[in-house]
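Report on one structure; see the data block that follows.
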2 protein chains.
Amino acid sequence: MKQPPLDDRKAYILATVVYEYVATAEPVASQTLTQKYNLGVSSATVRNEMAELEAGGYLVQPHTSAGRVPSDAGYRTYVDELMQPESLTPADRRRIRDDLHEASRELDDLIDQTTRLLGRLSKSLAFVTKPQSGTQTFKHVQLISIAPRTGVAIVVTSYGVSAQSLFELNRDASAEELTRLSSALNARCASRLMSEVLESDVAAVVAELGLGDDLRGAVVGALQSARASEVPEIAAAGAQNLLDQPEFADVRKLRSILRIVEEQRTLYDIVADAMESDSASVKIGHELGNEELADLSVVTVPYRFGPSAIGMLSILGPRRMPYARLLALASGTADSLSRRLADAEIR
Amino acid sequence: MKQPPLDDRKAYILATVVYEYVATAEPVASQTLTQKYNLGVSSATVRNEMAELEAGGYLVQPHTSAGRVPSDAGYRTYVDELMQPESLTPADRRRIRDDLHEASRELDDLIDQTTRLLGRLSKSLAFVTKPQSGTQTFKHVQLISIAPRTGVAIVVTSYGVSAQSLFELNRDASAEELTRLSSALNARCASRLMSEVLESDVAAVVAELGLGDDLRGAVVGALQSARASEVPEIAAAGAQNLLDQPEFADVRKLRSILRIVEEQRTLYDIVADAMESDSASVKIGHELGNEELADLSVVTVPYRFGPSAIGMLSILGPRRMPYARLLALASGTADSLSRRLADAEIR
DNA sequence: TTTGGCACTCCTGGCTCTGGAGTGCTAATA
DNA sequence: TATTAGCACTCCAGAGCCAGGAGTGCCAAA
């Protein structure tokens with residue numbers, strides 16, 4: 001498993017094997033390469049090179065007399081060093097623009113629609129984490145009485161309306177009372193980061209106005225649901241696209257995936273460190289850290305609100321995926337989403 | 001395909017075949033019946049009876065020398081006339097109560113959680129339509145200014161907060177102005193059915209107060225998203241459960257299903273007439289009216305808000321499903337959901 | 001009307017065999 | 001030394017075949 005730097009010809013052969021395997025899903029034979037790509041050498045030479053690439057850990061042979069298939073390390077080298085970055089096709093670019101342009105302004109709906117779009121374009125399973133609270137700022141809270149002893153607290157953040165929560169009171173609260181509380185809270189907390197709007201702020205204001213514990217609870221509840229939870233919600237779409245891939249001819253493969261999508265925790269673990277690094281990331285096979293997902297890969301790209309990443313947009317597919325194309329697709333979609341969010345920002 | 005009424009023994013045999021096939025997924029042989037169920041007759045007699053049941057269209061034979069399997073008509077007769085209704089097991093009852101008790105009070109979340117619960121309990125694919133507007137009444141609208149020229153309109157209905165919509169204005173609107181408009185709308189429309197709150201009402205109030213077209217648009221937008229659309233949203237969960245069933249060993253089966261779940265239209269068509277009839281309904285195989293779903297069945301049960309059905313709760317599984325158990329499960333869950341909604345009602 | 005008996009059908013799984021694809025190695029060549 | 005033609009070898013995929021067994025249908029007897 002020594003991995004010396006590859007000379008040009010080996011690099012080209014590795015890249016070609018990946019390319020061909022991605023396209024055909026069949027182990028790649030030396031002869032296929034010499035026929036389809038003009039290497040200028042015979043298939044015997046290619047065989048020698050391939051044997052060395054296998055010794056170096058870049059290729060594997062499903063069985064003795066079969067062609068070669070890239071290993072995790074092979075894909076990794078391809079992604080890091082060999083592949084030609086692609087840019088979006090005009091058709092895709094237009095499609096993204098149009099779809100997101102007419103998308104909802106509500107944050108949740110916007111994320112859902114983006115996820116579905118990405119699923120369709122990538123013909124894979126797409127998933128998108130909903131924004132985390134990092135840069136979300138508090139804009140407004142409003143308490144409304146909607147029935148005797150019943151009210152609703154609405155929290156608006158810079159991303160838009162992000163939570164409402166019903167509450168019940170021990171007694172009727174007058175409209176003025178609620179308005180006074182709302183105004184005082186707004187004055188005290190306006191434009192702070194959501195993470196810095198604390199329960200103690202609420203308690204202070206409520207105490208100052210001489211109001212009851214029930215109102216304090218109502219506001220705190222609404223703030224809590226407005227703050228993203230530790231594991232953000234994740235929207236997913238396009239699972240059925242995976243069924244077209246030959247690697248899922250066996251149903252058991254699929255079961256693990258569907259289960260993982262349904263319990264979002266694992267999905268989140270996969271993208272969490274990409275979120276940290278704040279840049280595009282590709283995880284290949286065993287790099288996903290989950291034996292059940294060992295023949296899958298994930299491409300992850302952050303989307304932004306202003307300067308900082310607030311969520312991730314991912315594509316999950318067979319390890320044999322068109323990495324360059326999917327990276328372009330994810331980046332393009334993330335850019336559009338970021339722009340869309342910036343436009344809709346509440347200042 | 002004559003279908004004379006079945007004598008007792010034939011009925012018992014048919015019921016047993018269904019029961020056994022549901023349990024084992026293997027064609028049922030005459031000997032299996034005589035061994036496992038004490039029929040008091042020999043397998044030869046059972047064979048004769050089964051041949052007649054086949055002539056009557058209740059059973060089919062996968063091939064000449066195999067056991068029998070129920071036909072659509074066989075299942076239908078079983079469901080309509082032969083099966084023993086079940087009631088919930090105490091364990092399930094407790095599970096439903098506990099899960100829904102700690103569920104969210106927000107309508108959307110509540111439906112999502114109910115769907116997941118039903119998917120887990122039924123070990124099948126569960127889907128639940130979100131409420132349609134039939135009996136939803138208008139409770140409250142509130143316009144809030146949250147930034148210069150930007151506001152949000154919140155609509156609260158009897159089901160709870162059901163829509164918010166951001167709007168922009170040509171000019172700054174004062175808080176009083178917005179409050180006045182909100183109050184006037186509330187006074188005019190309180191407790192009307194959502195379907196009877198019309199754009200003309202909004203226009204009238206806006207005109208009366210001498211306000212601008214932009215405000216009118218804002219309110220109308222919020223009302224529109226609060227009204228359920230023609231095809232309501234449908235929550236689905238548990239697709240991966242289907243993978244455990246032998247009928248999905250072939251991946252192509254699954255593809256159709258996942259596609260149908262993703263585009264909700266077909267799902268809605270399936271339950272739409274059950275919605276009309278306002279009672280539990282079972283659709284078996286071809287009764288679903290879709291060749292791709294011909295070896296599936298669906299159990300559908302309405303849930304209520306007060307006296308009238310506002311949505312449906314369905315379980316989709318292989319035609320070979322435990323009908324009595326799933327009916328009990330769906331009914332029990334629907335009851336709990338209805339009760340939960342009634343408790344949370346905003347009066 | 002029921003039932004034991006029996007011939008018959010058809011599926012399933014295992015086995016063998018063959019063709020072909022692809023390799024690795026060796027020896028010749030540039 | 002790097003390349004290549006040639007060839008033996010390996011292994012898979014698919015076809016064909018066979019045997020076992022499960023289950024039926026029917027007949028004739030009870």
Side-chain angles (χ1 to χ4, degrees), chain A residues 4 6-14 16-21 23-71 74 246-247 249-250, chain B residues 4 6-14 16-21 23-71 74 246-247 249-250:
Chain A
L6 300 175
D7 63 53
D8 284 359
R9 193 171 65 190
K10 280 203 183 58
Y12 184 63
I13 289 179
L14 173 54
T16 328
V17 169
V18 171
Y19 186 86
E20 187 68 16
Y21 185 58
T24 63
E26 298 288 334
V28 182
S30 53
Q31 230 188 116
T32 318
L33 292 189
T34 54
Q35 277 168 7
K36 286 204 181 176
Y37 306 85
N38 62 337
L39 294 168
V41 293
S42 77
S43 67
T45 310
V46 175
R47 273 204 293 286
N48 290 331
E49 294 284 55
M50 284 169 108
E52 290 185 42
L53 281 168
E54 183 168 1
Y58 299 100
L59 296 179
V60 291
Q61 236 176 337
H63 57 86
T64 344
S65 68
R68 255 62 172 219
V69 163
S71 66
E247 23 272 279
D250 180 2
Chain B
L6 300 175
D7 63 52
D8 283 359
R9 193 169 65 188
K10 280 204 183 56
Y12 185 61
I13 290 179
L14 174 55
T16 330
V17 169
V18 171
Y19 186 86
E20 186 68 16
Y21 185 59
T24 63
E26 299 288 333
V28 182
S30 54
Q31 229 189 118
T32 319
L33 292 189
T34 54
Q35 277 168 7
K36 285 202 181 177
Y37 306 86
N38 62 336
L39 294 168
V41 292
S42 78
S43 67
T45 310
V46 175
R47 273 204 293 286
N48 290 332
E49 293 284 55
M50 284 169 107
E52 290 186 42
L53 281 168
E54 183 168 2
Y58 298 100
L59 297 178
V60 290
Q61 235 176 340
H63 56 85
T64 343
S65 68
R68 257 56 172 223
V69 163
S71 66
E247 24 273 278
D250 180 1

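Quick note on labels: first sequence line is chain A, next is B, and so on, each numbered from 1.
Between A/Leu59 atom CG and C/dG24 atom P the separation is 11 Å, expressed in whole Å. Straight-line distance from the NZ atom of A/Lys10 to the P atom of D/dA2: 10 Å, rounded to whole Å. For the pair B/Asp8 CG and C/dT1 P, the interatomic distance rounds to 16 Å; values are reported in whole Å. Taking atom CD1 of residue A/Ile13 and atom C1' of nucleotide C/dT23, one finds them 15 Å apart after rounding to whole Å. Counting to the nearest Å, the C1' atom of D/dT3 and the CD atom of A/Glu52 are 13 Å from each other.
For B/Glu247, the CD atom is densely surrounded, since the number of other residues' heavy atoms within 6.0 Å is greater than 12.
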Q.
Generate the contact string for nucleotides 20-30 of chain D. Rules: B means base contact, S means sugar-phosphate contact only, - means no protein heavy atom under 4.0 Å.
A. --BBBBB----
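In terms of the side chain to side chain donor-acceptor pair (under 3.5 Å) criterion, A/Asn48 has no residue partners (sequence neighbours excluded).
Between atom CG of residue B/Leu33 and atom CZ of residue B/Arg47 there is a gap of 11.5 Å, rounded to the nearest 0.5 Å.
Counting all heavy atoms, side chain and backbone alike, A/Pro62 lies closest to A/Gly67 at CD-O, 3.3 Å. Considering every non-hydrogen atom in both B/Val60 and B/Ser71, the closest pair reads CG1-CB, 4.2 Å.
Distances shorter than 4.0 Å separate none of the side-chain N or O atoms of A/Ser42 from OP1 or OP2 on D/dT3.
Two residues, B/Pro62 and B/Ser43, neighbour DNA chain C, and the one matched to the more 5' nucleotide by heavy-atom proximity is B/Ser43.
The only member of A/Thr45, A/Leu14, A/Leu39 that meets side chain to side chain contact (heavy atoms under 4.5 Å, CB included) when paired with A/Arg9 is A/Thr45.
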